Structures are given as C-alpha cells and as structure tokens.
Amino acid sequence: MIGLLARRNLLFILMSLEVMVNSAGLAFVVAGSRWGQADGQVMFIFILSMAAAEVSVGLALLLQLCRRYRTLDIDAISQMRG
C-alpha cells in the first residue's frame, strides 16, 4: 500500500498494485484450502485473468506516457488531455 501511495514513478505504482492483487489471490487460495473447497482456486484464476488485463492496459498507458513526455512521473499525466 505504501508503494502505491508514496511513489511518483508509474512503473513502481503498477508493480505495487500487482503485488496487492496477487496477495488478495493468495488469501483466496489459503481460505479455500482451510475450508476444503475449490472456490478459492477458482477465484484465484479469475484474479489472474483480471490482473493480466490490468497489466496490459497499464503498460499501454505507461508506453504512451513515456513516448509523449519522455518521463514516467505520475504528475505528467495531468497534461494528457483529449
């Protein structure tokens, strides 16, 4: 959470978000194994597919920002309009 809130670099923000999503998926797997049900693993597969979509959109935004402004600073996003 600190990496998401305190960092100014977009790449580190995306990596912190990915770690948080994976930890939530791990919590589902642990809870499912605790109760002896496969629901946690099903949710983990759903979380992995959602994370893959999030990474593709995030990297596309990262490349667009890097090409236009030659920086990965999150404050430069406010200049991206229309």
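All values derive from a computational prediction rather than experimental measurement.
- Enclosure of atom CG in L5 by more than 12 non-hydrogen atoms of other residues, nucleotides or ligands within 6.0 angstrom is indicated.
- The structure places CZ of R67 at 10.5 Å from CG of L62, a figure rounded to the nearest 0.5 Å.
- With sequence neighbours excluded, no residue satisfies side chain to side chain contact (heavy atoms under 4.5 Å, CB included) with S33.
- Distance check: I74 CD1 to L65 CG gives 7.5 Å after rounding to the nearest 0.5 Å.
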Enumerate, atom names and distances included, each donor-acceptor pair closer than 3.5 Å involving a side-chain atom of residues 8-27, sequence neighbours excluded.
{"residue": "R8", "atom": "NH2", "partner": "D75", "partner atom": "OD1", "Å": "2.5"}
{"residue": "N9", "atom": "OD1", "partner": "L11", "partner atom": "N", "Å": "3.3"}
{"residue": "S16", "atom": "OG", "partner": "F12", "partner atom": "O", "Å": "2.9"}
{"residue": "N22", "atom": "ND2", "partner": "E18", "partner atom": "O", "Å": "3.4"}
{"residue": "S23", "atom": "OG", "partner": "V19", "partner atom": "O", "Å": "3.4"}
{"residue": "S23", "atom": "OG", "partner": "M20", "partner atom": "O", "Å": "2.7"}

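- A distance of 8.5 Å separates CG in L59 from CD in E54, rounded to the nearest 0.5 Å.
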Could you list the donor-acceptor pairs under 3.5 angstrom formed by side chains in residues 34-49, with sequence neighbours left out?
{"residue": "S49", "atom": "OG", "partner": "I45", "partner atom": "O", "Å": "3.4"}
{"residue": "S49", "atom": "OG", "partner": "F46", "partner atom": "O", "Å": "2.7"}

